[in-house]
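Report on the following structure.
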Protein chains: 2
Amino acid sequence: MGRWEPDAAGRLRQAALDLFVERGYEQTTVADIAGRAGVTERTFFRYFTDKREVLFAGANQLQDRIVAAITEAPEEQAPYDVVVDAMAAGGDVLEERREFARQRAAAIASHASLQERELLKLAALSAAAAQALRERGVAEAAAGLLAETGVALFRVAFERWVAAPGTPDLAACVREAAGELRAVAAEYPVHR
Amino acid sequence: MGRWEPDAAGRLRQAALDLFVERGYEQTTVADIAGRAGVTERTFFRYFTDKREVLFAGANQLQDRIVAAITEAPEEQAPYDVVVDAMAAGGDVLEERREFARQRAAAIASHASLQERELLKLAALSAAAAQALRERGVAEAAAGLLAETGVALFRVAFERWVAAPGTPDLAACVREAAGELRAVAAEYPVHR
DNA sequence: TATGCTGATGTCAGAAACTGACATCAAGGA
DNA sequence: TCCTTGATGTCAGTTTCTGACATCAGCATA
């Protein structure tokens, strides 16, 4: 047996989420989180750059999956479809952790400083997706707009998926939202 | 003459921007800002909820202008055109303060926590624009997407306007970006 | 087996951001 | 003249976050 319990970071993440749900983000100190995880405050800050980051440590995995999906898409596929498929693939990353995602989303919604961090992560995701699109030949301006559209689709889909108690999986929600965007685009054609 | 110099908030804003440019955001303490403005730290926190907010106090004015432009647009105007015009109108708010806007943008670009705050403000702007669109009868989903598109246009236009040393005004940059979006949309039609 | 290194953690002191409670005091009105 | 008001100051305290250094099980290696 090691000198310490393994996976301190995981324990910290779990403790933080539990405490944020139990008593709220502001009412939870880093010392509380560390205490519940069985480490000191200093150790918390070795794993996470700040108090908010403990909720966002998994965001890289989602981004990697989406970028990979864009990179590996068939060359002849239209850019819009590439993005929609990639966002659906990103959905699979969360599929197994719906309850976790629900609690985490509720915590984020409860405090502005967590929303700020979420927006920064989504902006990073968008930038990474845009870069991946450029690398497969999509024009500069189009890449940025497509990536932002894709992230917007993902956000809308995620909200519905988290709210819906029932069956639909996240990838399906992404495709549904993409379909609605097509309909809206058809309904309000660009003028002039 | 009053007991204190007038416009403490304005002095704090100016002192903060100057110091952020001179020595950087992190190297500037709230006590520094307050000192240069001739007040105490406590007074700083009476005017601004936190250190970042001192750079964003003017954001409401921009949002109000854009929302008003949407609300007052001719009823028969197509939603996309309403949004483009509103963002151009928002540009007029900044037109007289290009140098100020440049310095402020540079400061924000220099530190992630300021970018977070900026993203939150833009999200609020988007939400307010979407609400204004709904109130003039634009459908739920379309309102959200149009508002986000409009904010994206404004961001792109702002970046170019701030970078360009020369003549173009911000409203013109917004319209130019909107024209490019039309072109991109035509180039990559939605499939299926 | 002894020795020495490594890495994860602890301890401690301190800076900086922020908050609540209360004090001060010019200005302006009753 | 007295009272109230509002902007500010003072002060003490909490929380977040950082740097420097100590500890010590486990592992490699002599």
Side-chain angles (χ1 to χ4, degrees), chain A residues 1-57 107-108 110-118 120-121, chain B residues 1-57 107-108 110-118 120-121:
Chain A
M1 192 183 57
R3 186 172 175 188
W4 292 281
E5 290 297 306
D7 194 22
R11 267 151 41 219
L12 284 165
R13 272 194 292 271
Q14 189 62 53
L17 182 57
D18 292 346
L19 285 166
F20 291 168
V21 167
E22 279 173 32
R23 40 173 123 143
Y25 174 77
E26 280 207 281
Q27 281 62 50
T28 302
T29 70
V30 173
D32 293 335
I33 299 168
R36 183 170 292 200
V39 296
T40 53
E41 205 180 318
R42 193 66 185 83
T43 291
F44 178 97
F45 285 110
R46 288 203 177 91
Y47 283 104
F48 307 102
T49 56
D50 59 44
K51 182 181 168 185
R52 303 167 207 171
E53 197 63 19
V54 70
L55 273 184
F56 294 89
I108 291 172
S110 77
H111 205 274
S113 83
L114 294 171
Q115 293 161 39
E116 288 184 337
R117 181 57 50 85
E118 167 118 303
L120 192 69
K121 296 291 181 183
Chain B
M1 192 182 58
R3 185 174 177 189
W4 293 279
E5 291 297 306
D7 194 22
R11 268 153 39 222
L12 284 165
R13 272 193 293 270
Q14 189 63 52
L17 183 56
D18 291 347
L19 286 167
F20 292 168
V21 167
E22 279 174 32
R23 41 174 122 146
Y25 174 77
E26 280 206 283
Q27 280 61 52
T28 302
T29 70
V30 172
D32 293 336
I33 300 168
R36 182 170 292 201
V39 296
T40 52
E41 205 180 320
R42 192 67 184 85
T43 291
F44 178 97
F45 286 110
R46 288 203 178 91
Y47 283 103
F48 307 102
T49 55
D50 58 46
K51 183 181 170 187
R52 304 167 207 173
E53 196 63 19
V54 70
L55 273 184
F56 295 88
I108 292 172
S110 78
H111 206 274
S113 83
L114 294 170
Q115 292 162 39
E116 288 184 338
R117 182 58 49 85
E118 167 118 302
L120 192 68
K121 297 291 182 183

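Note that the coordinates shown come from a computational prediction; the quantities given were computed from them, not determined experimentally. Letters go in sequence order (proteins before strands), and every chain restarts at 1.
- Closest of all the heavy-atom pairs between B:P6 and B:R11 is O-NH1, 2.9 Å.
- With sequence neighbours excluded, no residue satisfies side chain to side chain donor-acceptor pair (under 3.5 Å) with A:E118.
- Two residues are said to be in side-chain contact when any heavy atoms from C-beta on lie closer than 4.5 Å; A:F44 and A:V54 meet this criterion.
- Scanning both residues, A:A9 and A:F48, for their nearest heavy atoms gives O-CZ, 3.8 Å.
- Between A:Y25 and A:R52, the closest heavy-atom pair is OH-CG, 3.3 Å.
- A straight line from CZ of A:F48 to C1' of D:dT18 spans 18 Å, rounded to a whole angstrom.
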- Message: Go through it in stages, so that I can follow the logic: the residues are A:Y47 and A:E53, the test is side-chain contact (heavy atoms from CB on, under 4.5 Å), and I'd like the CA-CA distance, side-chain angles, deciding distance and then a yes or no.
- Response: CA-CA 9 Å; A:Y47 283 104; A:E53 197 63 19; over 6 Å; no

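- Distance B:D50 CG to D:dC17 P: 13 Å, rounded to the nearest Å.
- Atom C1' of nucleotide C:dC18 and atom CZ of B:R52 are separated by 12 Å, given to the nearest angstrom.
- Rounded to an integer number of Å, the gap from CG of B:L114 to C1' of C:dA17 is 14 Å.
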- Message: Strictly under 4.0 angstrom, non-hydrogen atoms only: write out the protein contact profile of nucleotides 8-16 of chain C, one letter per nucleotide from the 5' end, B, S or -.
- Response: BBBBB---S

